[in-house]
Amino acid sequence: MWADLVGISLSQTPYQAFYIPLGHRQPNAFDQLPLPWVLEQLKPLLEDEELKKVGQNIKYDWIVLKRHGVHLRGIHCDTMIASYLLNPTKHNHNLGEIAREYLDRSVIDYKEVVGMGGKAVTFDQIEPEKAKDYSCEDADLTLQLSHLLLPRLKEEGFKDLFDQVETPLTIVLAKMEMNGVKIDIGLLREFSKEIESQLLQKMERIYGLAGETFNINSSQQLGKILFDKLKLPVIKKTKTGYSTDVEVLTKLSLQHELPMEILSYRNLAKLKSTYVDALPKLVHPKTGRVHTSYNQTVTATGRLSSSDPNLQNIPIRAEEGSRIRQAFISEKGWVIASADYSQIELRILAHLSKDETLREAFRKNEDIHARTASEIFDVPMEKVTPSMRREAKVINFGIIYGMSAYGLSQQLGSEPKIAQVYIDEYFRKYTGVQTYIQKSLEEAKQKGYVTTLLNRRRYLPDINSPNIPIRQASERMAVNTPLQGTAADIIKVAMIHIQDRLEELSLSTKMIMQVHDELVFEVPEEELSKMLPVIHNEMEAVMDLSVPLKVSIHSGKNWAEVH
DNA sequence: ACACGGCGC
DNA sequence: TATCCGCGCCGTGTA
C-alpha cells in the first residue's frame with residue numbers, strides 16, 4: 001500500500017529473465033518505457049487465468065498491481081508459501097533463504113543493492129543496470145524454485161492445502177489489506193491527552209513513594225529502587241538482573257504501595273505508546289484508513305500474524321482497552337459486523353479426540369466450562385458455582401495448552417497437588433481426551449511431527465530429547481498445535497468461502513480484519529440483514545465436524561460495540 | 001542495530 | 001529442570 005512501481009522482472013525459462021525499468025530516477029536511467037504503456041501490454045497476460053503465474057510473496061505484487069489497475073489472475077505457486085508449508089518453523093522464507101536451502105546458492109542481498117539502515121536509498125535511486133541484476137535473479141530463482149517445490153509439496157501431501165486453501169487465501173488477504181479499516185483519530189488524540197495527564201499524576205506519586213525521581217520505563221532503574229533502596233525481596237531474576245515483571249510486582253504489592261503504582265503506570269504507558277499514539281501514524285494518506293499486513297508464513301501452527309499495525313492484539317478485556325476498539329469505526333452509512341467462533345479449539349478437541357462426554361456437551365450446546373466444572377467437582381450442572389466454573393475454565397484452557405500440574409496451580413493460585421487432583425479428575429471424566437493426548441504424543445514421537453485436520457504439518461525435532469524440559473516443551477506443542485492449527489485451517493477456508501459469496505452476490509460488504517477466531521466486516525446498512533446470515537452460515541457450515549461449530553455475530557458503529 | 005524485559009491479544 | 005500455546009511492538013540499554 002505504500003510502494004511505488006519502479007520495475008518489473010519476468011522469467012519463463014530457468015536461467016533467463018528480463019527486467020523492465022519503469023520508474024528509476026537516476027542519471028543512468030535513460031530509455032525507460034512509459035509505465036502506462038507497459039501495463040497496457042502486460043495487463044491481458046497478467047489477468048489471464050489460463051497463464052500460470054509463479055511468484056515469491058505474491059500478495060505484495062498483487063496489491064501493487066491492483067493499485068495500478070491490473071488484477072493478477074492464474075496464480076499457480078507462491079514459493080514463499082510453498083516453503084512455509086514444507087516447514088512452518090523455518091525462521092524466514094525470503095528468497096535468499098529458500099534459494100540457499102533448496103538450490104544451494106546465494107543471491108544478491110537487497111541490502112547490498114540499496115545500502116544499509118539510514119544510508120539506504122529507495123529502489124528508484126538504483127541504476128537500472130544494477131537493478132536488473134538483482135531483479136532478474138529474483139524472477140529466475142523464483143521460477144526455478146517453483147519447479148523444485150511444487151513436486152515436493154505433492155510428494156509430501158500438501159497439494160490440497162496449498163491449492164485449495166493457502167493459494168486462494170493469499171488473494172483474500174490482499175483484498176482485506178487493501179480494504180483497511182477506518183480509525184477515529186480524533187477519539188485517539190483525546191484519549192492520548194487523558195492518558196498523558198493520568199501518567200503525570202502517577203509519576204508524581206511513584207517518585208514520592210520511591211523518594212527520588214527515576215525513569216519508570218527502565219526496569220533496570222526500577223530494580224535498583226525496589227530491591228537495593230527499598231530492600232524488597234527478590235522473587236525472580238532475569239539474565240541481566242532483577243525481574244520486575246507483572247508476576248513479581250503483584251507479589252510485592254502485598255508489602256509496599258509502589259509496585260501496584262508501577263503496574264498501573266505500565267498499563268497506561270503500554271496502551272498509549274503501542275496503540276493510542278501509534279495507530280494514527282499508520283493511517284494511509286490516500287485512503288484515510290489503516291492497512292495492516294497479514295503474514296501468511298510466520299507462525300508455527302498455521303495461524304496468520306498481523307503487523308504494521310498488529311491488529312490482532314488490540315486490547316479487549318480491560319475498560320481502557322475497549323476505548324481503543326471504539327476508535328475502529330465504519331464509514332457513514334456502514335456498520336461494523338464481527339463474527340467469532342465460540343470455543344473453537346475445545347470443539348476441535350471434541351472432534352479429534354472423539355470424546356463422547358465432550359461431544360455430547362457441544363451437541364447439547366451446553367456451557368462447556370460449567371459442564372467441566374460439573375464433571376470434575378462431581379455436582380449437577382445447576383449446582384455449579386461461579387468459582388467452580390472459573391476454575392474449570394482455567395482447566396479447559398490448560399488442556400488445550402498441554403499444561404502441567406505446576407502450570408495449572410500457578411494459574412489457579414492453588415497447590416500443585418490440588419491441581420494434579422483436578423487434572424486426574426478431568427481425565428477420569430474425559431477419558432477420550434486422555435487417550436487422544438496419549439496417542440498424539442506417541443505418534444509425534446514416532447513420526448517426528450504433528451498434523452492438523454487439513455494436513456498442515458509441524459515438525460518437533462526435540463520431541464524425543466533426553467533433556468526433560470526441552471522434551472516437555474515439544475510435548476506441549478504436540479498437544480496444542482493440532483488444535484490451534486485446525487482452528488486456523490477452518491477460519492481460512494471460511495474466509496475463502498465468504499469472499500467468494502460476497503463476489504458472487506455482488507455485495508459491497510468488505511472483510512476488513514481477521515483475529516484468529518474472529519472475522520470483522522464493514523457492511524453497508526442496507527446489506528446488513530442479508531449479510532449477517534450469509535456470514536453466519538458460511539462460517540458454521542465451513543466443515544462438517546462431529547460437533548457443531550458455533551458462531552456468534554454482532555453489528556455496531558465500532559469494534560467495541562460488537563463483542 | 002540489536003538484545004532484552006515486558007506485555008497486549 | 002522448568003513448569004500454558006501462538007504472535008508483534010514498545011522502551012531501554014548497549015554496542
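Here is how names work: the chains are called A, B, and so on, in the same order as the sequence lines, proteins then strands, and each is numbered from 1. Predicted model, so just to flag it, every value in this text is computed and none were measured.
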Discussion item. Around atom NZ of A:Lys229, are there more than 12 heavy atoms from other residues, nucleotides or ligands closer than 6.0 Å?
Written reply: yes

Practice prompt. Decide if the gap between the ring center of A:Phe162 and the ring center of A:Phe158 is smaller than 6.0 angstrom.
Written response: no

Worksheet item: Taking the P atom of each, how far is B:dC2 from C:dC5, in whole Å?
Response: 27 Å

Discussion item. Say we look at C:dC4 and B:dA3: how far apart would their C1' atoms be, to the nearest angstrom?
Written reply: 25 Å

Worksheet item: Rounded to whole angstrom units, what separation is found between the CD atom of A:Gln220 and the P atom of C:dG11?
Response: 18 Å

Item to complete: Look at the side chain of A:Asp78 and the backbone N and O of A:Ile58, then say whether any donor-acceptor pair between them is shorter than 3.5 Å.
Response: yes

Practice prompt. With the side chain of A:Asn310 defined as its heavy atoms from C-beta on, choose the nearest nucleotide among C:dC4, B:dG6, C:dC9.
Written response: C:dC9

Practice prompt. For DNA chain C, determine which residues of residues 273-285 of chain A have any heavy atom closer than 4.0 angstrom to one of its atoms, and list them numerically.
Written response: A:Ser273, A:Thr274, A:Ala278

Practice prompt. Whole angstrom is fine here: how far is it from CG in A:Leu311 over to P in B:dG8?
Written response: 18 Å

Discussion item. Does the plane of the ring in A:Tyr207 sit parallel, tilted or perpendicular to the ring in A:Phe214? Use 30° and 60° as the thresholds.
Written reply: perpendicular

Fill in: Any N/O donor-acceptor pair, A:Lys270 side-chain to C:dC10 base, under 3.5 Å
no

Fill in: Length of the line joining A:Ile225:CD1 and C:dT12:P, which is rounded to integer Å
16 Å

Worksheet entry | Those residues of residues 189-208 of chain A lying under 4.0 Å from DNA chain B by at least one heavy atom | none

Fill in: Strand contacts (DNA chain C) in residues 472-486 of chain A, 4.0 angstrom heavy-atom criterion
A:Arg476, A:Met477, A:Asn480, A:Gln484

Response to the item:
Here the distance between atom C1' of C:dC4 and atom CD of A:Gln420, to the nearest Å, is 15 Å

Worksheet item: A:Thr301 has a side chain; which of C:dC5, C:dG6, B:dG6 sits nearest to it?
Response: C:dG6

Discussion item. For the base of C:dT3 and the side-chain ring of A:Tyr406, does the geometry meet a stacking cutoff of under 5.5 Å between centres and under 30° between planes?
Written reply: yes

Worksheet item: In this structure, are over 12 heavy atoms from other groups packed under 6.0 Å from A:Lys550 atom NZ?
Response: no

Item to complete: Provide, to the nearest angstrom, the distance between the CG atom belonging to A:Leu304 and the C1' atom belonging to C:dG8.
Response: 14 Å

Item to complete: May I ask you to check whether A:His351 and A:Tyr436 place their ring centres under 6.0 Å from each other?
Response: no

Worksheet item: Looking at the side chain of A:Gln221, which of C:dC9, C:dC4, C:dG13 is the nearest nucleotide?
Response: C:dG13

Discussion item. On the side chain of A:Glu345, is there an atom forming a donor-acceptor pair with the base of C:dC5 - under 3.5 Å, no angle test?
Written reply: no

Practice prompt. Using the P atoms only, state how far B:dG6 lies from C:dT1, rounded to an integer number of Å.
Written response: 23 Å

Worksheet item: Out of C:dC7, C:dT1, B:dG8, which has the shortest distance to the side chain of A:Asn313?
Response: B:dG8

Practice prompt. Using heavy atoms to find the nearest nucleotide of DNA chain C for A:Arg303 and A:Pro309 separately, return the residue whose nucleotide is more 5′.
Written response: A:Arg303

